[in-house]
Amino acid sequence: MPKLLATAMLPMLSLIVLCACTRASGADDYTAFVYAGCSQARYDPGSQYAADVDTALSSLVNSAGYTTYANYTSPSAASGLDGVYQCRSDLPTAVCGGCVKSAVSKLSSLCNSAAGAAVQLRACFVRYGNDSFLGKQDTTVLFKKCGGESGAGSGVVAMRDAALGALVAAAAPADEGSYRAGAAGYVQAMSQCVGDLGAKACSDCVSAAASQLKAGCGYASAGEVYLGKCYARFWSNAAGGSGSGVPVGGGAGTGGGNGISGGGVGGAGNGYAYGFVPNTYGNHDESGKTLAIIIGLVAAVAIVIVFLTFVRKARGDGGKS
């Protein structure tokens with residue numbers, strides 16, 4: 001009887017461990033939340049501005065199924081409302097459409113009735129407001145994260161700088177956000193501009209983002225920084241190279257007018273700082289994988305304990321008979 005139970009339990013234990021590992025190495029979550037922010041100014045429900053916001057966001061969602069970048073300007077001169085989204089242009093439009101739809105949903109819940117708002121998800125960025133932001137450069141640091149110590153002698157710093165340098169060199173021809181990827185050794189990097197920037201402005205923004213990572217991430221094996229109009233990331237593919245990141249944002253900012261403002265993580269000075277503390281996510285962050293593995297192992301141990309208890313009880317009952 002105990003042997004039969006043990007034979008029956010082994011596949012189940014293997015399945016649980018397999019499920020834990022599969023979850024740990026699963027596909028990227030392109031709609032994972034990074035950060036969001038809302039303006040302090042609000043609009044009245046039922047107003048023309050409210051209708052313009054709804055129209056703008058609906059237009060962006062509809063466009064996202066066909067192209068990775070689009071902007072919208074309200075025909076109503078009184079509202080002066082603009083909207084924009086940017087998806088990673090290396091991803092299929094189906095992914096873009098789903099990401100923008102999710103981003104707009106988050107804006108509606110997090111920034112209800114805000115005159116201006118923005119949200120960054122893993123694979124897309126959405127913003128609306130009446131502060132004439134379209135086409136304007138913005139290198140304000142909104143969110144920065146570094147993680148995983150590689151050690152001074154690992155060579156990651158030199159490879160990181162080379163990979164980021166490749167992004168800067170490749171960022172000149174801007175098209176639909178100018179997604180770029182670079183690599184050096186076992187370090188990879190990527191960057192993306194918002195599509196309303198011209199070629200030079202995009203290159204300058206990527207250069208500023210790369211400088212932030214070089215200056216702020218030390219010997220970290222992974223890092224990412226989001227500026228107002230672009231972002232850049234790097235990560236190491238070496239064994240044990242990436243680790244859980246810790247958000248290291250700028251100070252709280254305050255903005256004027258209907259610009260996005262708040263007391264969260266982000267820079268200040270141009271009315272484009274964010275009021276929500278950002279959520280980190282598992283781009284090249286092993287914390288999510290570690291948690292999944294731990295959960296799987298705990299479940300496996302619990303089943304083993306139950307199994308052994310059952311076997312002990314069965315043996316005891318057999319001895320009595």
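- Rounded to the nearest 0.5 angstrom, Tyr69 OH and Ser63 OG are separated by 11.0 Å.
- Taking 4.5 Å as the limit, some side-chain heavy atom of Tyr35 sits within range of a side-chain heavy atom of Phe125.
- Contacts of Asp82 classified as side chain to side chain donor-acceptor pair (under 3.5 Å), with partners at least two apart in sequence or in another chain: Thr73.
- Remark: Ser207 OG to Gln212 CD distance equals 11.0 Å, nearest 0.5 Å.
- The shortest distance between side-chain heavy atoms of Phe234 and Leu167 does not fall below 4.5 Å.
- Cys202 does not pair with Cys230 as a disulfide, the SG atoms being 2.5 Å or more apart.
- Side-chain contact check for Val61 versus Tyr85: every heavy-atom pair is 4.5 Å or farther apart.
- Between Ser113 and Pro45 there is a side-chain heavy-atom pair separated by less than 4.5 Å.
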Point to revise | Leu110 and Phe33: CA distance, side-chain angles, deciding distance, side chain to side chain contact (heavy atoms under 4.5 Å, CB included) verdict | key: CA-CA 12 Å; Leu110 294 173; Phe33 176 70; 4.1 Å; yes
Exercise for review: Could you please spell out the steps behind the side chain to side chain contact (heavy atoms under 4.5 Å, CB included) verdict for Cys99 and Arg122?
Suggested key: CA-CA 8 Å; Cys99 187; Arg122 175 77 176 278; over 6 Å; no
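- Considering only heavy atoms from C-beta on, Leu134 comes within 4.5 Å of Val84 through its side chain.
- Counting only residues at least two apart or on different chains, no salt bridge (charged side-chain N to carboxylate O under 4.0 Å, His left out) pair has a member in residues 95-121.
- Across every non-hydrogen atom of Gln192 and Ser89, the tightest pair is OE1-N, 3.3 Å.
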Practice item. Decide yes or no on side chain to side chain contact (heavy atoms under 4.5 Å, CB included) for Val206 and Arg180, but give the supporting numbers first. Key: CA-CA 10 Å; Val206 172; Arg180 293 292 181 268; over 6 Å; no
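- Ala56 and Tyr72 make their closest contact through CB-CD2, 3.4 Å (heavy atoms, listed as atom of the first residue, atom of the second, distance).
- Atoms CZ and NZ, from Arg127 and Lys229 in turn, are 7.0 Å apart once rounded to the nearest 0.5 Å.
- Taking all atoms of both residues into account, the shortest heavy-atom contact from Cys96 to Thr67 is SG-O, 3.7 Å.
- Looking only at atom types and distance, the side chain of Ser132 has no donor-acceptor partner in the side chain of Asn130 under 3.5 Å away.
- The sulfur atoms (SG) of Cys87 and Cys124 lie 2.5 Å or more from each other.
- Of all heavy-atom pairs spanning Ala210 and Val168, the tightest one is CB-CG2, 4.0 Å.
- Of the inter-residue distances, the one linking Cys217 atom SG with Lys144 atom NZ reads 6.5 Å to the nearest 0.5 angstrom.
- With sequence neighbours left out, Ala163 forms a side-chain contact (heavy atoms from CB on, under 4.5 Å) with Ala184, Val187, Ala189.
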Check your understanding: So Leu107 and Tyr128, side chain to side chain contact (heavy atoms under 4.5 Å, CB included) or not? Walk me through it.
Key -> CA-CA 10 Å; Leu107 280 179; Tyr128 73 86; 4.2 Å; yes
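- Note that CZ of Phe143 is 5.5 Å distant from CD of Glu224, once rounded to the nearest 0.5 Å.
- Residues Tyr219 and Val156 fail the side-chain proximity criterion, which asks for heavy atoms closer than 4.5 Å.
- Residues Tyr30 and Leu121 fail the side-chain proximity criterion, which asks for heavy atoms closer than 4.5 Å.
- Between atom OG of residue Ser76 and atom OH of residue Tyr49 there is a gap of 10.5 Å, rounded to the nearest 0.5 Å.
- Using a 4.5 Å cut-off on side-chain heavy atoms (C-beta onward), Phe133 and Asp138 make no contact.
- What you find for Val126 and Ala103 is that their closest heavy atoms are CG2-CB, 3.7 Å.
- Between Arg88 and Arg233 the shortest heavy-atom distance is NH1-NH1, 4.1 Å.
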